[in-house]
Amino acid sequence: MKMNKLIIMAAVAAISLAGFAGEHDTPQTNGDYVQLVAGEKVFAGNIALVGTNGLAYAANTTAVVGGTVCGVFQYSAAPGEKVLAKRGGFILENATSGTVEKKDIGATVYSVSANAWTVTKTSGGKAVGKVADVREDGSVVVIVGK
């Protein structure tokens with residue numbers, strides 16, 4: 001009887017460890033950039049949006065419905081060209097209405113145009129990121145695409 005218990009315990013242990021691969025090196029990148037193909041003319045410094053078709057657009061474009069903000073374009077590109085979008089903290093203009101204030105640190109911000117933010121969700125506005133700071137000059141630091 002003891003031998004049967006040992007065999008059953010060994011079988012259970014073997015089955016539970018079957019999916020365990022042990023130590024291994026998982027490759028890592030810094031994840032700061034995403035390479036995209038422009039779906040329309042895009043401009044450096046604008047909020048980058050990935051459309052549901054996988055192409056890059058400026059936020060608040062009328063060329064695409066839906067999509068996700070993924071960073072800020074690092075250079076301008078024509079339709080069909082490759083372009084980089086960078087994720088991270090960016091300082092851009094505060095919107096003239098729905099102005100972001102210190103009390104909004106940590107709040108979600110939405111695009112008003114391809115390069116301005118607000119904490120007030122607007123029609124067509126995309127969730128851009130989270131407010132990290134509001135500087136003395138009124139500009140807003142937003143963590144974009146992370």
Please report the closest heavy-atom contact between A38 and V83, naming both atoms and the distance. N-CG1, 4.4 Å
So do V128 and I47 actually touch side chain to side chain, heavy atoms under 4.5 Å? yes
Hey, is the main chain of G67 close enough, under 3.5 Å, to the side chain of T52 for a donor-acceptor pair? no
K130 side chain to T108 side chain, donor-acceptor N/O pair below 3.5 angstrom: yes
Exam field: side chain E40 to backbone A58, donor-acceptor pair closer than 3.5 Å: yes
d(K82 NZ, Y75 OH) to nearest 0.5 Å is 9.0 Å
Minimum-distance pair of heavy atoms, taken over all atoms of V50 and C70: CG2-SG, 3.5 Å
Which atom pair, heavy atoms only, marks the closest approach of G145 to R87? O-CD, 3.1 Å
Let me check something: do Y110 and V140 share a hydrophobic cluster, defined by ILVMFWY side-chain heavy atoms less than 4.5 Å apart, either directly or through other members? no
How far apart are the closest heavy atoms of A78 and K41, and which atoms are they? CA-CD, 4.2 Å
Interatomic distance, K86 atom NZ to Y33 atom OH [nearest 0.5 angstrom]: 4.0 Å
Shared hydrophobic cluster for V69 and V37 (ILVMFWY, side-chain gaps under 4.5 Å): yes
I91 versus S139, closest heavy-atom pair with distance: CG2-OG, 3.4 Å
Distance, nearest 0.5 Å, that separates CZ of F73 from CG of L49: 7.5 Å
Atom pair CG (D32) and CG (L84), whose distance is rounded to the nearest 0.5 Å: 11.5 Å
Going by heavy atoms in the side chains, are F90 and V144 under 4.5 Å from each other? yes
Sole residue of D133, I105, V119 in side chain to side chain contact (heavy atoms under 4.5 Å, CB included) with V100: V119
According to a hydrophobic-cluster definition based on side-chain heavy atoms being under 4.5 Å apart (Ile, Leu, Val, Met, Phe, Trp, Tyr only), do V42 and L55 belong together? no
Heavy atoms of A85 and L36 approach each other most closely as CB-CD1, 4.2 Å
